[in-house]
Amino acid sequence: MLKAKTFVYYLATLLFVAMFWSYNSSVHFSSMEDASDEWGAPLYLYDSASVEDIKRPRSDNWKTLNDNTARFGYRDGSVWLKFELPPIKGDDQFLLLDYPLLDHVTVLRTFSDGTSKRWETGDSKAFSSRYLPSEKFLFPIGSAKYQSELLIGVSSQGTLKIPLFITDRRGEVQRAIYANLLIGCYVGYMLLMLITSLIISVTTTEKRFVLCAIYVAFIGLLNLQLSGFLFQWVWPDMPRINGIFTLIVIYLSAFFQLAFVESYLSYSKGFFRKLSKIFKWLCATALFLALLPNSYSLLSQLGVVLLIIACILSVILTFINMRKTKHTEVSLNYFLCAWVVMLIGIVTSTLGVIGILPPTSVVNNASAMSSVLAVFFLLSALFDRYNQEHKEKFALTIKSLKASEERAKAERHLVFQATHDSLSDLPKKDVLFNNWPRIINDIPKDASLTAVIVHFEGYYDQVLAFGHQVADEMIKQLHFRAMKYAQNKRNFLVLDLDWTLKKVVVLDSHDLCLISMELDPVIESRMIKEMHQTLSDTMIVNGLSLEVDLTIGVCRYRTGDVVQNLIRRSQVASKEASERRIDSLRYSDKMGLDPEYSGRLLMKFKKALENDLLQVWFQPQINTDNGSLRGAEALLRWHDIEYGWISPELIIPFVEQSSLIGPLTDYVTRKSCEFVEEYERQLNSQIQIAINLSARNLEDEKLAHRIGAILVEYNVPENHVTLEVTETAFLGDSPQSKTTFAQLDALGVNIALDDFGTGYSSLSYLHELSFSEIKIDKSFLADLEHNQRSLSLVKVAINLGKELNMHVVAEGVETKLIEAKLKSIGCSICQGFYYGKPMSKELFLEWAFAFNNNGSIIE
């Protein structure tokens, strides 16, 4: 921008020098005063109060004029001048009226022989009415054999002054050349300032430069109009436009001058802002009045006053702004100089117009020359303000960039903290998930990948034994061990591509993940074993030698699979290894803990339940006292086309964690009631039915109501139904579980405590809840034939049931000897494979028919 500024300054200076040269080189003409002295004839003046007298003087009241000009300021009348001319040889003499703003000019030359010549022209007539095509008024006075009288009549709606000179054709040509050069330099200068302001406004998109350009345009047009240039070259055949256009540019110049000053000084409130607003409204109102006929004189005076007021306000506002900024902004000095110069020029021209100052060339051209200097100072102020703001913006940009860098560093640090472990700076799982597509793209298509999960088993044990600080230190050491181990192995992939290039990812505090590529299964097994040995070495923490309990899960990557599934399967393998008490394990699809497998299984189960594809089988319960069929336990069975027979022990835990446990219980209850109904219809006898309840069932406040409704629907007596619940259903002493138990008890059904003896609160629940039956868990009967201690424990349980007036059922009876043992110690209700395996409803009815006919156990 400095080079552009220097170029504009040089060009503006060149144009200004050219204007000044053309101004000083203009021809100095002989005045009428000189001609009067030479020819010995005085110059007379007749002042009329009527404009109509411009046609011809009506009075002989002439007075002698002592100089070459007449100045009257603003007036409504006309003026006549009279001069006696001697005989003149040659035709190269002209009378020059050196003032372009005259509405009507009449020149009458009367010769002593009685002949006369008359010329009429002025701004109220077409430009073609002028004797010579000039912005000034020229009339021929040469080539006269006789003495003549020259009468000059002038009138104007604006200011009236009549500077008279004598010139010749050569002098007029020279004057016209220098005048055109002066006008050309002025137009070029103003266009330079205008274009420069517009260019700056485009590059900065700031309103003040646009307002400056508009102001320069109007002040330039005003001076061109006052010089007669526009009438000569733009609308020579439309004289009425002269007055209207003059008023328009005066008011618009004043309006945009104040608008520009407000924008430049950033005035948005305060007294002077209100005053400026009122001033602009006044300019806008006067602008519309410019179209009124016969109002030019008054409105032009008002326009001059508004221009002076605008300059005064501009000076005051700039000075106040300078005081606020304590003169620290250099551009305000240029800005103040511009309006001071403009004010001096307009006041000087005004004083010359109204006749206070003599009509010299300096006075006559004061407005134009001051506008040139003012615009130059304004452009200097704009350049300086622009450079200053550019420097400030650049400084702010640098500061902003530094702040952005600091913020970026801080944000990057925060992102790093959020995506990396606080103990070891290892990347977290989100880093792996985000980088996985890039990792896969860099792997050859035929390469095989394996996920390795290292699980820290003993974390909570260490927390309980030594506190979090020791446990966290062990985790930290484990992280560094894994990181060091992986970095030295080429087969492990880099997982943190953007930050640390580490090969280990922290899934959580207890699980680390590594991805291995292209290892032979044998070599891979050796590596896993070596890794386990390396990572599980004894750790020294605070002087203590601590053992590290680790398990490792391994899973092969499947093409097209997502990394989350790969990690989940590896974690399933790690969990399975932990449960099996082994160091490492490779994932298999048959691992029931796989969430993906369990999710698919649960969806299949839901469809089977909805489509009545589940089965309820029944296992008999025998009264060994008389060998009769006491009842049956309902047991769920499910056969899937894809997975085959699926054990209830596998699917029920998943169902209990879903919303299907309620519908499943209703389903089994309904199937059991259908079985009781069919049994009684075919065998003409009643049977006791046992139905298992889940711990989640007891949290269902509507369970008792639904079971009661089903029993009523199938007309099954409540005392023929036994609901079996395990001790774990009451763990945590849930109030709702006990409320539901009470509702079922009030319903009238029997409630059995299943798996009696396997928990730690069996006696407590027997004391607190009114069970009607206990079932001895089959684990107590496994060694009953050879273990006297097991026999004694079962005997205690049977005696306890009898003392509490409860039925005792032993499940898991496999042999005749176990039945005999149980019978010998008083257990009269048995259930197990010795009597019959779980059977479908049809098979059970056949079995029961044969059993009743034989009256004994079928072997």
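Position 1 is the first residue of the sequence, and the numbers go up from there.
Salt bridge status for Glu642 with Arg600: absent, with no side-chain N to carboxylate O gap under 4.0 Å. With respect to Arg630 and Glu773, a salt bridge is recorded, a charged nitrogen being found less than 4.0 Å from a carboxylate O. The residues Arg706 and Asp700 are annotated as salt-bridged, a charged nitrogen and a carboxylate oxygen being separated by less than 4.0 angstrom. In summary, Arg568 and Asp561 do not engage in a salt bridge, as defined by a charged side-chain N under 4.0 Å from a carboxylate O. Here Lys607 does not pair with Glu610 in a salt bridge; the nearest charged N to carboxylate O distance is not below 4.0 Å. Classification of Glu713 and Arg670 as a salt-bridged pair holds, one side-chain N sitting under 4.0 Å from a carboxylate O.
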Worksheet entry | side chain to side chain contact (heavy atoms under 4.5 Å, CB included) between Asn491 and Met517, intermediate numbers included | CA-CA 5 Å; Asn491 58 290; Met517 180 178 68; 5.6 Å; no
Practice prompt. Would you check, one step at a time, whether the test side chain to side chain donor-acceptor pair (under 3.5 Å) holds for Gln621 with Gln688?
Written response: CA-CA 9 Å; Gln621 294 177 343; Gln688 194 79 19; over 6 Å; no
Worksheet item: Under the side chain to side chain contact (heavy atoms under 4.5 Å, CB included) criterion, do Phe741 and Ser770 qualify, and how do the steps go?
Response: CA-CA 9 Å; Phe741 183 94; Ser770 57; 4.0 Å; yes
Practice prompt. Check the pair Glu633 / Lys775 against salt bridge (charged side-chain N to carboxylate O under 4.0 Å, His left out), numbers first and verdict last.
Written response: CA-CA 12 Å; Glu633 179 182 3; Lys775 292 189 71 173; 3.1 Å; yes
Item to complete: Evaluate the criterion salt bridge (charged side-chain N to carboxylate O under 4.0 Å, His left out) for residue pair Glu699 and Arg696; output intermediate values, then yes/no.
Response: CA-CA 5 Å; Glu699 294 292 331; Arg696 288 287 298 276; over 6 Å; no
Practice prompt. Determine, step by step, whether Leu683 and Phe849 satisfy the side chain to side chain contact (heavy atoms under 4.5 Å, CB included) criterion, reporting the C-alpha distance in whole Å, the side-chain angles of both residues, the deciding distance to 0.1 Å, and the verdict.
Written response: CA-CA 7 Å; Leu683 301 180; Phe849 182 79; 3.8 Å; yes
Item to complete: Apply the test side chain to side chain donor-acceptor pair (under 3.5 Å) to residues Thr739 and Gln743: give CA-CA distance (whole Å), side-chain angles for both, the deciding distance (0.1 Å), then the verdict.
Response: CA-CA 6 Å; Thr739 299; Gln743 293 173 348; over 6 Å; no
Practice prompt. Go through the steps for Val506 and Asp511 under the test side chain to side chain contact (heavy atoms under 4.5 Å, CB included), then give the verdict.
Written response: CA-CA 6 Å; Val506 179; Asp511 284 353; over 6 Å; no
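Leu781 pairs with exactly one of Leu791, Thr815, Leu822 by the side chain to side chain contact (heavy atoms under 4.5 Å, CB included) rule, that one being Leu822. A side chain to side chain contact (heavy atoms under 4.5 Å, CB included) with Leu693 is found for one member of Asp754, Ile751, Val725 and no other, namely Val725.
Looking only at atom types and distance, the side chain of Thr419 has no donor-acceptor partner in the side chain of Asp430 under 3.5 Å away. A donor-acceptor pair shorter than 3.5 Å cannot be found between the side chains of Asn715 and Glu677. A donor atom on one side chain and an acceptor atom on the other are not found under 3.5 Å apart for Thr624 and Ser828. Donor-acceptor pairing under 3.5 Å is lacking for the side chains of Trp617 and Gln619.
Distance alone, capped at 3.5 Å, places no donor-acceptor pair between the Asp549 side chain and the Glu457 backbone. Looking at Asn750, its side chain does come within 3.5 Å of a backbone N or O of Asn719 through a donor-acceptor pair. Checking side-chain atoms of Ser672 against main-chain N and O of Val668 turns up a donor-acceptor pair under 3.5 Å. A donor-acceptor contact shorter than 3.5 Å links the side chain of His532 to the backbone of Leu550. Side-chain atoms of Ser570 come within 3.5 Å of backbone atoms of Leu566 as a donor-acceptor pair (strictly under, hydrogens ignored). With Asn697 contributing its side chain and Ser694 its backbone, the two residues share a donor-acceptor pair below 3.5 Å. Counting only distance, with no hydrogens or angles, the side chain of Asn441 and the backbone of Pro437 share a donor-acceptor pair below 3.5 Å.
Relative to the six-membered ring of Phe833, Lys837 meets both conditions, a distance below 6.0 Å and an angle of at most 45° to the axis.
Annotation for His705: atom NE2 does not count as buried by contact number, only 12 or fewer foreign heavy atoms lying within 6.0 Å. Within 6.0 Å of CG in Asn684 there are 12 or fewer heavy atoms belonging to other residues, nucleotides or ligands. Other residues, nucleotides and ligands place no more than 12 heavy atoms under 6.0 Å from the NZ atom of Lys606. No more than 12 heavy-atom neighbours from other residues, nucleotides or ligands sit within 6.0 angstrom of CZ on Arg581. Other residues, nucleotides and ligands contribute over 12 non-hydrogen atoms within 6.0 Å of the NZ atom of Lys604.
For the pair Arg569/Arg558, a side-chain contact is recorded, criterion being any heavy-atom separation below 4.5 Å from C-beta on. No side-chain heavy atom of His720 sits less than 4.5 Å from a side-chain heavy atom of Val676. Contact check for Asp745 versus Leu747: no side-chain heavy atoms found under the 4.5 Å cut-off. Within the 4.5 Å cutoff, the side chain of Asp421 has heavy atoms near those of the His479 side chain. Val452 is not listed as a side-chain neighbour of Cys513, based on a closest heavy-atom distance of 4.5 Å or more. The shortest distance between side-chain heavy atoms of Ile453 and Lys575 does not fall below 4.5 Å. Val554 has its side chain within reach of Glu524: a pair of non-hydrogen atoms, C-beta onward, lies under 4.5 Å apart. Side chains of Leu478 and Leu535 form a contact here, defined as non-hydrogen atoms less than 4.5 Å apart.
Atom CZ of Arg681 is separated from atom CG of Leu845 by 9.0 Å, given to the nearest 0.5 angstrom. Distance OG1/Thr722 to CZ/Phe771: 12.5 Å, rounded to 0.5 Å. Atom CG in Asn623 sits 6.0 Å away from atom CD1 in Ile829 (nearest 0.5 Å). Here CG of Leu613 is found 8.0 Å from CD1 of Ile641. Values are rounded to the nearest 0.5 Å. Atom CZ of Arg789 is separated from atom CZ of Phe780 by 11.0 Å, given to the nearest 0.5 angstrom. Distance check: Ile652 CD1 to Ile646 CD1 gives 11.0 Å after rounding to the nearest 0.5 Å.
The aromatic rings of Trp638 and Phe605 lie perpendicular to each other, with more than 60° between the two planes, well past the 30° mark. Using a 30° and 60° split on the angle between ring planes, Phe844 and Trp847 fall in the tilted class, from 30° to 60°.
Within the structure, ring pair (Phe, Tyr, Trp, His ring centres under 6.0 Å) pairs that include any residue of residues 432-456 comprise Trp436-Tyr557 (at least two apart or interchain).
Nearest heavy-atom pair, Ala797 versus Ile774, reported as atom, atom and distance to 0.1 Å: O-CD1, 3.7 Å. In terms of heavy atoms, Ala573 sits closest to Leu585 at CB-O, 3.4 Å. When all heavy atoms are compared, the tightest approach of Ala690 to Glu724 is CB-OE2, 3.4 Å.
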